[in-house]
Structure formats: structure tokens, C-alpha cells
Amino acid sequence: MKYIGKEMSRVDGVAKVTGAAKYAAEFQVKNVAYGFIVQSEIAKGAIKKIDVSEAEKQSGVIKIFTHLNAVKTQSKGAAFAALQSDKIVFSGQPIALVVAETFEQARFASRLIKATYTEEKSVTETMKGETKPMRSPQTRGNPADAFKNAAVKISAEYTIPIEHHNPMEPHAAIAVWEGEKLTLFDKTQGVMGVRGHLAQSFGMKPENVQVISPFVGGAFGCALNPNYYPFLTAMAAREIKRPVKVNYTRRQMFTGHGYRPYTWQKVQIGANKDGKLQSIIHEAVGNTSSFEDFGENPNNFGRTLYECPNYDTPYKLAKLDLPTPTWMRAPGMVSGAFALESAIDELAFALKIDPLEMRLINYAEKDPETGKPFSSKALRDAYKQGASKFGWEKRKLEPRSMRDGKWLVGWGVATGIWGAFQVPASVKITLKSDGTANVGSATADIGPGTYTVITMIAAEFLGIAPNKVKFGLGDSNLPQAPVQGGSFTTASVGTATHGAAMAIKQKLFDLSGWTGIKAEDTELADGFLRGKIGSSETVKISDLMKKNNLTEITETFTSRPSAERNQYTTQAHGAQFVEVKVDEALGIIKVTRVVEATAVGKIMNPKTSHSQEMGGVVWGIGMALQEATEIDHRYGRMMTTDLASYHVPCNADIHEVETAFVEEEDKIVNPLGVKGMGELCQVGIPAAIANAIFHATGKRVRDLPISPDKLI
Amino acid sequence: MRPFKFTQTNDAANAVKTVSANKSANYLAGGTNLLDLMKEDVSRPTELVDISRLSLTQIKNVGNSLSIGALARNTDTANHPLIRQNYPLLTQAILAGASQQIRNMATNGGNLLQRTRCPYFYDTAMKCNKREPGTGCDALEGINRMHAIFGWSDKCVAVYPSDMAVALAALDAVVKVQDANGKERAINFADFHRLPGDNPEKDNTLNHGELITSIELPKNDMPSKSYYLKVRDRASYAFALVSVAVTFNWKGNVIMNPRIALGGVAHKPWRALEAEKILSGSVANEENFKKAAEAEMKAAKPLEHNKFKVELGKRAIVRALQMAMNGKG
């Protein structure tokens, strides 16, 4: 391969650092007005009266929308829609939109709106909420009896607070109507989803809606589902007959797009004295809102990871007076892994077995859930490589047995898994006779490097230099693509890109008139259609096109997951090794070293792949040690709603992070052999850190985040 | 933010006159805190007088003191040779606060006047006596992990956020201010900030319109040992759970003139007078450090979520003293 598998800098890197890359709020639209969202101060009840008279009088104010005059959505879904009734279902719910000539005027006027409420008692504590059981996979064996009879038992409870994504770029939309046509510039992980949502909300034909989102300043799940502001923005624009822009403030980010739910988990493990797992009962309760179910089945995490004959994963949702949670990087899996991979560590400690050995004793050679083989699974190699890079063999078994001056040193390990998904996607390629190509797909690039990797794939299979490829995304007028989520973009859109390039090759082959060679034995390379090694056929593509009076060739290809995949379990795996140093007197924890060994099929671009892994590790450190959205349950109100009080790691928190890829040859997952890694890389980190802290201090902290007060 | 009148001036007397004449006028210097508060509708000045062009930026020896201009930037102050050499405690404390970008903008006077980061103060939907006197304090029985363990009242449990000020408290700094009549007065640092009592809306003892012109550090008692320790939830850019500024001289093995101030525990930098009393004239060893820390923390009254601050405070005092003694400052 000429490009795939080699390091390439981001093709959009220069645009991003010079400001040429335009984010949703930055599009210049003539005559735009600015909307500012006004939010409820109570969590549950109804608006008794909303007085906008003072606000309306202020200079620059064009119109104020409330539930009394806002247009109602035609969408029937359970998802929250703004200004639909007087009912309040969470604190921070929009109760008005002030539209003014400038953002500052709109914000100022918003402060003058006075709402009174009929208040009801809200419930925002998960363990006090009304619960409903969710569907879980079938119970395996007889977990209760097996647990009862097991020689060694572990039973422990773990909690994870609500966490917020906090991407750098706050959500924003600009809505522009031209007659019956709506153009919306949006921050989103999926333009097609927003287009469908708007079409449904307004009762329009989808083709009359265009959603544009070429650059996204981080999203991590919070821009997966259409949020409430695109409809609100477009509704306001249609009513005032002017373009309108709405931009969340940082505080509004906390109630405007969902969050990782609060999770309570109880893990019961029964094992033999040799460490063989006999029974796992992994219960979980997560919160959702009062009006919509959001479940992420965190407790399913271990079902395909460990050989264990008896397994149960009951899962419940607690309905709370909060906004609905949503997907947040490594949803479900990272939460489940924190509990189960901590519990496995507790079991290893109880049995005096090395925690890595513990995982190898219970290694699943085939999917314990279905009995299917894995399409590929180099987890054993990942453990081995990671352990060797980390120097794991020097680990002393006993907690508190390693020191560096005043610092207690601890080493921990955990495992990550994530599905190697693929979903249908379409890509259109136009190859021109001048040797350039346009590639397009309505996918997104929220940061992983999709612009770059699709450019590489197109360049590779069209046989032209990457700088001759122009890849466009984030426009709903482009061929259909899924949201960027679930770590399936490269596997899906990349496969479609490969397919479209192959279709172009076929067309050129047909034009060549060659008879002595089959199409599959030819390739596009260096501007030529030629036989692969060992054959002499060769023709310059530009000549071939000219000869046929063609200035360009266009092919659109839709890729779908193969039927063959159904015979296998397709997963990506990773092993995480962590060193912490703990100043026990002051409760200070430093994550001094992380080695992450990952088996995710073919590595397309080692450079951006490393960046992805780094990001996952950093996020895992934040989740383990810092992140928490605190709620004042008396008022049902989130209180840590800025970046000063909602902590994510800063540079000084991050030390050595080493990544290693254990490449897998896997032609079953997709023709490129690629598995996603954007979520996998985070999955085991919080558990590995908690395990390392236990090893350092002898203290097992089961409630995240592990802040200094929990260690002193 | 609400509409306001904005003026700039090169003349301090003129600035003081303008602000003094309008009860709801404010000075604007670095703006790193005030502008945030205005955007959140917490501060609602009707007039801002930009004083960033006044020439109160020098750092120089004046008589027996080092005079630090009120409008010198935090970064320039921390890195000034006279401060690095003679008051490393102050350098450490400033650099432990905020971020490089904020320190580049923030001024020394502004640092002393920054408001609490209590989330109930920032959220206008919540009750806060500091923001709106008489409405109540939602933090008292709310999320109060970051809040006070000393000197709070049932009207307010907020803590004062500055790191720099904790060092200044330990260094017995003096704040010089000027009023509309051109009169100057000097306020001992211990008297500059105040406890909430029944008037938590008042953070300090400045009269309206008084302008901080400089901060003076006494030179005659150059500390030989000092250390600033800050314990926080992440390695940088976080407010203190507890911080400790210590400075003392010693003769042989005996501590002389110890001065200890704590941050993150009260509505003002908290001078640890009990600890100082025990340490003064004592042998510098861990046993005495612990005795002093215990004595200081005896008066602590933690709230529901910050009980850990009592033990953490003790340990932080001991550690800071050890670090100072070992010359780690």
C-alpha cells in the first residue's frame, strides 16, 4: 500500500489552525438575527405566567418566542422539543427564545423575562427515582446457584456520576429560509439525521432541507441525536422571515444535549480457587428523563469478554426530572468496564493471582455468548505487548509494596472491548481526466481524522496523490452516510470509498478493451490503469478518458455489511496498563504512565490513530479522577455548569502515554480490514486507574471520580 | 450583559472621582472576573471606568518596603526579579493560580478583588446573600464541598478564591488605597478582606470608589524559609481545596516569627494564628508541626460535604512546613 498504513498529517490541519475551517456559528449569513435561549429555574411543574413585556421593549429586540406563540412541532417522537407547552420537565429547560439584532441585545433582554411557576417536587437522584426494567440479554446458565456455590465470592457496588461531553465548540445553528427551502448550518455528527428531524418537525419534504456541517469542534456523542435548537432556530427564522443564529453558552451545554447517565452497578462474581469464573451477576441502574427512555446497557460489557458459564445482567432505568441522557464516548462500555474490571481486580487480589494472569485464565477463545468464532481477536497479543512495554513482570503483587520517595506507586491493568461495527454508507467519486478526484459523502469529521483517512483510501485505490483528492462531507445533499458515532465511520464510509474507487476502475477497465486480463488483476496506480505485478498491460488514465471523449467519470457506491459477518462476532480489543503515583497524605494522584495496546484490525493512519488513542486515555483519566456534574437535588438543578467547576484534565495532568497497535488481518469485518478505535481506547482506562490506585494504596474506591478527598 | 457607560482614563484622580460619584460604577482592569460576572448577570454595574492605562504598574523598592503596582499584571509580578529573589512565596502562589492566559491579563489589584466562585453566587436562579442580600444562602445546605470551614455565617459559606492573596496574608502585606478626596490610606492585609457575618455582599473593607494603588511588602523581615502548597482536584487551573502559605525565620533549629495563611477555607485568607503561636520559638520538627496543625484546625466547622478539609488542612500545614524547612520553596 502506498498511503494506507503510513503516517499522514491531517489534510484539514492547516485550515483548522489558520481559521479557514468554518464551524457552524462562523458562517456569514446576510441579515442574520440572534436568538438567545431563556431557561427554566425549576425542575418540575408548569409555567404560571411568563412576562416578556420589559424584554420586548429593549432596543434591538425583534421577537420573543414562548410556549404561547411558538410554532408547534409536527414530530411525534418522545425527544424533547422546545416551547411546546407550559409544562416544565427539567431545570434549564428553554422557556423562551429572544431574537434580537445582536447576540448581546438578545442576552440582555433575556434577563428581563420574568416567569412564575406552579412547582412540583422533583426527583433527580437515580436511586430514588421510579425504575423500570429494561430488556437485557438472556440469562446464561444459573448464575444465582453458581454464585452461591462458588469457592470465592466478590460482591461490590460502584457508582459513576453524571458526566458531560464538553466539546470545545458549543452547539450552534444558523437557519436560512428561501421560500419553502431551509438551509441549516449546524454542529452535528450527522447531517442526515438533522435533515430528517427538521423535515418531520415542519412537515416538509426532506429534499427541501439542506443541513451543512463541514467542521465540528468535538462532539463525542452530544451532537449525535438532533438536539432541540435546530427546530427552535429554524422556527424562529421562519416566523420573523430572517435568518436566525442560536449559539449555546457553555452553561447551556449542560442542559442542551444530554450527558452520560448516573450509573449504579453491583457486581457479584463467583470463582474457583484457581481463578476460573463460575458466575457473574452484574446489575445496573442508570437514569433517564421522565419523558424519554435512554438505555446503554453498561452491564453487558463482560458478556463477550470472559469465559463464564453463568451470567446475568439485569438492567433498570430510573426516571428523573432531568434532561434525557445521551451517548457519550464509549457509552455503556466504559461504565460497565469500570465496575466489572474493578471487580475482576478485586477477585485477583482475593485469590493472590496477578490481575493480568486472572484475565488470561478466563480468556474467551470464542464468543461465550453465541459460541461464534471471533473474526479476529488479538487481545492475547495486546496483553502481551502491553505488559512487555510496561514492564509488568516487575510488578509486586501486594498493594503498598512499591514506592518512589514519598509517592506510593501502583500498577493496574484493565481490558477494553468495542464492537467492530459497519453500517450502510454511500460515497460518490468523480475522477477527472486532469488526474484529480472529488469524493463526497454526508458523513462527519468530529475530530478523528475522517477527512484524512477517506482521502488516503481514495488516493490509494484511484492511484492518484492525496493532494489530488478533494473530499467533501457534512452536507446532506451528498450521498447518504450514517452519523459519526459508534466508531464505525472508517469501516462504513471507508468501505464505500473503496467500493466507489473499484467501480471507477471497472469503468476504466471496460474502456480499455483489454481481453487478456481480468479486471480484478488490474489496479489504478500513479495515474495509470495497469495489470498488477507480472503483467504488462498499462494505459494512462487521462489518455484513456480522452480517447473516449470523457472529461470525468462518476460512480456512487453504497456499501453494506457483508452476510459473512453474521457467522462471526466482530469486536475490537485493547489492554490498558497504568502507573499511578499517590501522595497519600494529601490525596494527590498522578497518572505517570499509560501503555495502551490495541487490536483494531488494520491501522489506516498511525498518526491520527495515535491521536485517537491519546484522546481516549486522557478522557479516561478525566473520568477516573475528575469529571462529575453535581446536582443540587433540592432543586433538581445542575450546579457545576462551567469549565471552572466541571473539571477535565489539563496538560499538567497528563504524563507519559504510549500506544501500541497489534495489527490484525481481518477480511471478514470489511474489505479494508478496519475496526473502529475512537471509543475502545477509553473503555478500560478508568478501571485500570482505580486498580492502580488500589495497588498503590490498598484503598478500593468504587465511586467516581477518585478525587483527593476520597483517598485521605 | 446590561448596558453600561464606559470610559477610559489616564488619570487616577479622575477615575476615582468618576467611580465614587456613582454607587453602581466599577473599575475595570484585567476584566478576567468582572466581565464573566456581567455576562452571567451577577454583576450589574451601570458604569465602567477602564483603569488599565493608569501608570500603577511599577514594582520597586520604596523605603523599607517593596511596592507592587496595583495594575502590574500577575505574570509580570510573579516573574519580577525582586519578587523571585526576595518573596519566592508570592511567585509560587501567583503561579499556582488560574492559567497563564488569565495571569497575563489579571492585575494585582483585581486579583484581590475577585469574587467567590461559589456556584450559587454565579447561578441567578439560586438564593445567594452575596449576590442579592436578604435572599438566603443555598450553599449552606447545598453542594458545599468547596466551601468554608472557618469563619462562615449562616448568611454565607463561600470561600475567597485567590492564591496570591494567601501569600500576601502570610507576608503581612499592606494595601494602599486612594479615595475621591485624594486621600491615601494603608490597610493591613489581615483587615483588607472580611468575614461574611451579616453582610456577605461585602468582600472587603474598601469604601465605594476607593482605588487600590499598590501592595506593599515589608522588607525588614526577610523570610528565610517559605512555601506555598496548593491541594486541588487537578494539577493546574483549579481552585484550592486547601492551600497553605508558610514563611518563617529560624535560628539554629528554632522557628522565629512564623506566619501561616490558609486558602480555600474561609471568606478571606485565613491567618493560622493558633498554629503560629505554637510554632513560635519551637523546634522545627514534625511533632511540633503536627501539634500546630491540630491546634489550628480545632476551631474548624465543616459543612456537609467538606469535612475532609479539616484533615486535609492539617496535613497540608504539616507538609508546607516540611517543604519550607527542607528548602523546597
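Labels below follow one simple rule: chain letters A, B, ... track the order of the sequence lines, proteins then strands, and each chain is numbered from 1.
Between Leu586(A) and Val231(B), the shortest heavy-atom contact is O-CG1, 3.7 Å. Among all heavy-atom pairs drawn from Met1(B) and Phe108(A), the shortest one is O-CB, 3.4 Å. Here the closest non-hydrogen pair linking Ala585(A) and Arg315(B) is O-CD, 2.8 Å.
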Audit row: Arg234(B), Leu625(A), side chain to side chain contact (heavy atoms under 4.5 Å, CB included) steps and yes/no: CA-CA 8 Å; Arg234(B) 65 179 163 191; Leu625(A) 304 181; over 6 Å; no
Intermediate values then yes/no, side chain to side chain contact (heavy atoms under 4.5 Å, CB included), Thr249(A) and Lys39(B): CA-CA 10 Å; Thr249(A) 63; Lys39(B) 289 179 197 167; over 6 Å; no
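Among His633(A), Lys710(A), Arg634(A), Lys590(A), the residue with the largest count of heavy-atom pairs under 4.5 Å with chain B is Arg634(A). When the candidates Asp138(B), Leu312(B), Leu241(B), Thr124(B) are compared by the number of heavy-atom contacts under 4.5 Å with chain A, Asp138(B) comes out ahead. Each of Glu41(A), Arg107(A), His647(A), Glu630(A) has some count of heavy-atom pairs under 4.5 Å with chain B, and the biggest count is that of His647(A). When each of Arg117(B), Arg145(B), Glu311(B), Arg232(B) is checked for heavy-atom pairs under 4.5 Å with chain A, Arg145(B) comes out on top. Top candidate by heavy-atom pairs under 4.5 Å with chain A, chosen from Lys309(B), Glu141(B), Lys307(B), is Glu141(B).
Only the side chain of Lys406(A) comes within contact range of chain B, judged by heavy atoms closer than 4.5 Å. Using a 4.5 Å cut-off between heavy atoms, Gln626(A) contacts chain B through its side chain alone, with no backbone atom that close. Neither the backbone nor the side chain of Ile42(A) comes within contact range of chain B, judged by heavy atoms closer than 4.5 Å. Heavy atoms of Lys314(B) lying under 4.5 Å from chain A are absent altogether. Neither the backbone nor the side chain of Ile589(A) comes within contact range of chain B; no heavy atoms are under 4.5 Å apart. Residue Asn651(A): no heavy atom, backbone or side chain, is found under 4.5 Å from chain B.
The structure places CG of Asp41(B) at 5.0 Å from CZ of Arg111(A), a figure rounded to the nearest 0.5 Å. Here CG of Asp709(A) is found 7.0 Å from CG of Asp233(B). Values are rounded to the nearest 0.5 Å. A distance of 6.5 Å separates CG of Asp123(B) from OG1 of Thr641(A), quoted to the nearest 0.5 Å.
Between Met639(A) and Tyr120(B), the closest side-chain pair of non-hydrogen atoms falls below 4.5 Å.
Using a cut-off of 4.0 Å between Lys/Arg side-chain N and Asp/Glu carboxylate O, Glu40(B) and Arg251(A) are scored as salt-bridged.
Side-chain N or O atoms of Arg637(A) include none that pairs as donor or acceptor with a backbone N or O of Met126(B) at under 3.5 Å.
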